[in-house]
Novice: 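Before I ask anything, let me first share the structure, which is written out below as structure tokens.
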Amino acid sequence: MDSSIRLGFIGAGQMAEAIASGLNRAGVVPHSRMCVADISSTRRQVFADLGALACDSNIQVVESSDVLLLAVKPQI
């Protein structure tokens, strides 16, 4: 994946955090090129602490991203 791509996460749970950390650790996408939205402000803060952009809405993530990753539980 091109390191200039902005990766957006809809959902910021443990699955999203694991994927984001793995991509960052592998040098594929740095946290600074990621943005995330979640209904939980606590989970958004976890990503902000990693260096990602924490957005208040899914629309902001879509508008700020080149690639989207849906990381929500199926029943949500």
Side-chain angles (χ1 to χ4, degrees):
M1 188 178 283
D2 183 348
S3 64
S4 67
I5 288 179
R6 286 202 64 91
L7 177 60
F9 289 87
I10 305 293
Q14 292 179 351
M15 177 179 59
E17 184 180 357
I19 292 168
S21 294
L23 291 172
N24 181 70
R25 191 171 32 259
V28 177
V29 180
H31 286 128
S32 62
R33 304 288 305 161
M34 297 178 190
C35 55
V36 62
D38 195 275
I39 59 173
S40 167
S41 61
T42 303
R43 292 306 303 168
R44 289 193 307 269
Q45 187 60 50
V46 168
F47 274 78
D49 291 344
L50 294 173
L53 174 64
C55 297
D56 291 327
S57 74
N58 294 343
I59 292 170
Q60 287 177 298
V61 172
V62 171
E63 291 173 345
S64 300
S65 303
D66 300 308
V67 176
L68 290 174
L69 193 146
L70 299 178
V72 295
K73 294 178 181 175
Q75 70 270 23
I76 292 180

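For the numbers below, each heavy atom of this structure counts, side chains included, while hydrogens, waters and symmetry mates do not.
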Novice: Determine whether C35 and R6 make a side-chain contact, defined as any pair of heavy atoms from C-beta on separated by less than 4.5 Å.
Specialist: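 Yes. Closest side-chain heavy atoms under 4.5 Å.
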Novice: Taking V61 as the starting point, is it possible to reach L70 by hopping between hydrophobic residues whose side chains are less than 4.5 Å apart?
Specialist: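 Yes, L70 connects to V61 through the hydrophobic network.
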Novice: Find out if a path of hydrophobic residues (ILVMFWY) with successive side-chain heavy-atom gaps under 4.5 Å connects L53 to L50.
Specialist: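 As far as the 4.5 Å side-chain criterion goes, L50 and L53 are not connected within one cluster.
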Novice: Hey, can you pull the donor-acceptor pairs under 3.5 Å for the side chains in residues 21-30, sequence neighbours left out?
Specialist:
residue	atom	partner	partner atom	Å
S21	OG	E17	O	3.0
N24	OD1	H31	N	3.1
N24	ND2	H31	ND1	3.4

Novice: Closest heavy-atom contact between A16 and A71?
Specialist: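 The answer is CB-CB, 3.7 Å.
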Novice: Taking side chain to side chain contact (heavy atoms under 4.5 Å, CB included) as the test, write out the residues that go with A12, two or more places apart.
Specialist: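 Side chain to side chain contact (heavy atoms under 4.5 Å, CB included) check on A12 returns V36, D38, R43, F47.
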Novice: For D49 versus Q45, what's the shortest heavy-atom pair and its separation?
Specialist: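 Residues D49 and Q45, closest heavy atoms: OD1-NE2, 2.6 Å.
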Novice: How long is the straight-line distance from CE of M15 back to CZ of F9, given to the nearest 0.5 Å?
Specialist: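 Going from CZ on F9 over to CE on M15, the span is 9.5 Å.
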Novice: Quick check for you: to the nearest 0.5 Å, what is the distance between I5 atom CD1 and D66 atom CG?
Specialist: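 Result: 6.0 Å between the selected atoms.
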Novice: Where do R44 and C55 come nearest, in terms of heavy atoms and distance?
Specialist: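 Nearest pair, atom of R44 first, then C55: CD-O, 3.0 Å.
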Novice: Enter the distance from R33:CZ to S65:OG here, rounded to the nearest 0.5 Å.
Specialist: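 Here the interatomic distance stands at 10.0 Å.
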